Amino acid sequence: MVLYEVAVDAPLATTLTYSQPVERVDPLPTGCCVRVPLGKRLVVGYILGVVHHQNLDEQPFTVKPIAEVLLESPLFPPALIPLYQWIARYYLYPIGKVLRTAIPLTPGSRSSQRVRAKMRSVISPGPLLLSQLSTAVDHGGDAVVDHLQRNYSITLKPAEKKTLQLFLSIFCEHEQHPIDRLLITRQYPGASPRLRRLCELGILEETDEQVIRDPFSRVMETPLRPVQLTREQKAVLETVLPTLATGNFSPFLLHGVTGCGKTEVYLQTVQHALDLGKTALILVPEIALAAQLESHFYARFGAQLAILHSGLSDGQRFDQWQAVRSGKVSVVLGARSAVFAPLENIGVIIVDEEHEPAYKQEDGLRYNARDLAVLRAKMTGCPVILGSATPSVVSYFHSMQDKYTLLTMTTRVKEQALPLVEIVDLTTTKRSRPDLAFSDELIRAVAETLHQGKQSLLFVNRRGFSPFMLCRDCGFILQCQHCHVSLTLHRKNNRLLCHYCGAGQPVHTICPVCHSPRITGMGIGSERVEEEVKQLFPEARVARLDSDTAVKRNYYLKVLQKIQAREIDILIGTQMIAKGLHFPHITLVGVIWADSGLGMPDYKSAERTFALLAQVTGRAGRGEDRGRVIVQTYQPHHYSIVLAQNQDYQAFFTSETAVRRPLGYPPFSRLVNIRFSGLREKQVEEAARQSASFLRQQHQHGQVEILGPSPSPLPKLKNHIRWQLLLKSPSSPLLHALCEALSSEKKRICPSSVTMSIDVDPENMM
DNA sequence: AGCACGCCGACT
DNA sequence: GTCGGCGTGCTC
């Protein structure tokens, strides 16, 4: 009898053994997708291989047959199995879940080949509740319960009442929009059967709603034709190209200033791989950038190109995946998850903007696609190019240690000078309008730019009007009830919003603590900057891009077109305008508060600040005229700001490593952050303490530092109390052994009401 | 993750 | 009694 090793979609550390489906003789190929019985239910699984068992009878379990073959043809090449297994071990994540993440198709459903919209389940008031909605909002759920009893003789059980009450409160918080089902079940895990009954009774209604996909898909861009290469481009290609033919792992770090022509290097390298009959994989940090590179790659490789990112519909993704799998296409361009593309015979892997935090997946399997790209290149035996204008400190350190070959490009293609960067010290500079977010220098610069008929870009890192509400009498800062973070004032709809859980409430006019009416919005968000700009330059044509305005993809595209057409003079925006976009008539970039990230309790904050400043600086002067950048800051002498002025990466690297070395932070160590979260403070704290003492007991030779446990920097999020435990060690194996021990003892240490999640190589410590 | 089972306190 | 709210254990 043939037995199969199956990775099932359940949080199990090991694979399980299943037998041949009944009434089937042909063996099933490795990589095919099946449905298997697990306990009392059926789950999706992937066949990882055939098991050769001599004495099956001595096994402590009874082998069940595979219930159904969901997809006959293998979804991934067998060569990827060692990668999956490595990931499961390294990130301490169940193997079946690793495959589910790596293969972003939904073969579980009947029609995975049809194009389908991305859906989520939402709850809204049903017919019975709808007529009573105003009563419910004004007088609470009890009034509704009474009404249902009187008019329909419906009696709700206590748990159902509780569910209804919970629904009503969330519903009101979300301004009476339909509520994501998960918002309810996350706060009240037992809600599912109650919701079902409330829906049956017609009190609530459950519908599938289409999730609006990423708004950035098709940024217009004129594809570049192969051009005369610069000397630097030639030199880089001459180093890289020979490694494509050998089939050896060769990692490169390509450090090139913005505008140095990295894209052309990528294109020619990929072309070379194709000429050798091999394939190529290109990763970009986010879809907005994928769209930009997409046009270049499409112009060059046309039908040979596949695109893989989360903005695709299931159907599109399925088609792209199969095209790659079958060898119909040889070039894959995509975001994070494209690192799992089922390519074979890879000639080169390219990771653009390798320093970007977006390569780290922050939920579920917390992998870093940049690191996996390097690993995949190693397993495959091919070159990998990590490209960036501001390499991550860790990657640059590797190049200093000769683990990576460093390639440097220092001149811009069109010989453009880098923009002139001026730093404005907000602590000492006198301001004629101290009530505004603008220094006189910035006001003057915007006015001048406006006068010249050029465009300005103003960068703010927070959306909304004011990031917090302060009582001027007692100093109280309004916080979200579910999250312990300050509420942001949004002027547009005049509400206070939590940026972590999305809950909203009306603006308070009196302080809830001391009842003072002197409660005001403090701090600067993008809405406020927009308002001030309109006040300062009433004649200017102004637009704002942040995640509040860009939810509508059409709006985003319209703004981009208007900038292109020079119908906008001043663009205000958050992170999303820092990357990629290049418009020749933007000559001025203003950074409203450059050091805002430096206060974060995170060892990477200086690195991020430097990269961000370098990035926004790159937005200025992409045309004929030399750009100008004005950086407002309260920390004008901080090295990340001073050194960003001349884009002096090497000096930054030296300063940053000098800070990290004595503290033993990466690259001088590896980190693992262990997070505990749950609804009850006591339990979470206890689980964290138990885990810490278990680890300290396991490990006594002092090679691993165990820091904590302590409440997370964001100690409460979406009603969940959060604690964390940080492990730090120069020895990856030791660190790993400890995590494995903890992981296998997880159930004994950590009650099921507390979630423990292990974040290996954390990108974000919050 | 689900799902069953079993325990315990708080009500009809 | 028995309902609802946990905690625990298992899945080839």
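To find a chain, count down the sequence lines: A is the first, B the second, and so on, and within it residues start at 1. What you see is a predicted model; the values in this text were computed from it and never measured.
As judged by a 4.0 angstrom heavy-atom cut-off over every strand, A:E160 is placed among residues making no nucleic acid contact. As judged by a 4.0 angstrom heavy-atom cut-off over every strand, A:P37 is placed among residues touching the sugar-phosphate backbone only. Among the atoms of the strands shown, only primed sugar atoms or phosphate atoms (P, OP1, OP2) are found under 4.0 Å from some heavy atom of A:S753. A:T15 comes within 4.0 angstrom of nothing in the nucleic acid, heavy atoms only. Counting non-hydrogen atoms under 4.0 angstrom, A:K97 reaches nothing in the nucleic acid.
For A:R722 (side chain) and A:P711 (main-chain N/O), no donor-acceptor pair under 3.5 Å exists by modelled atom type.
B:dA1 atom C1' lies 11 Å from atom NZ of A:K746, rounded to whole Å. Rounded to an integer number of Å, the gap from CG of A:L679 to P of C:dG5 is 14 Å. Straight-line distance from the NZ atom of A:K64 to the P atom of C:dT11: 9 Å, rounded to whole Å. Rounded to an integer number of Å, the gap from CG of A:L3 to C1' of C:dC12 is 10 Å. In this structure, NZ of A:K747 is placed 7 Å from C1' of C:dC10, rounded to the nearest angstrom. Whole-Å rounding puts the A:K162 NZ to C:dC6 P distance at 6 Å.
Separation of the A:Y367 and A:F340 ring centroids falls under the 6.0 Å cut-off.
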Where protein sits on nucleotides 4-12 of chain B, one letter per nucleotide: B base, S sugar-phosphate only, - none, heavy atoms under 4.0 Å
---------
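One finds a side-chain N or O of A:Y188 lying less than 4.0 angstrom from the OP1 or OP2 phosphate oxygen of C:dG5. A:R680 has a side-chain polar atom (N or O) that falls below the 4.0 Å cut-off from OP1 or OP2 of C:dG7. The shortest distance between the side-chain N/O atoms of A:Q683 and the OP1/OP2 oxygens of C:dC6 is not below 4.0 Å.
A salt bridge is absent between A:R197 and A:E206: the closest approach of a Lys/Arg side-chain nitrogen to an acidic carboxylate oxygen does not fall below 4.0 angstrom.
Between the side chains of A:Y359 and A:E763, no donor-acceptor pair of N or O atoms lies under 3.5 Å.
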Verdict with supporting geometry, A:E200 and A:R196, salt bridge (Lys or Arg N to Asp or Glu O under 4.0 Å):
CA-CA 6 Å; A:E200 279 163 18; A:R196 208 174 305 135; 5.9 Å; no
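Scanning all heavy atoms of the two residues, the minimum distance from A:F694 to A:E745 falls at CZ-CG, 3.5 Å.
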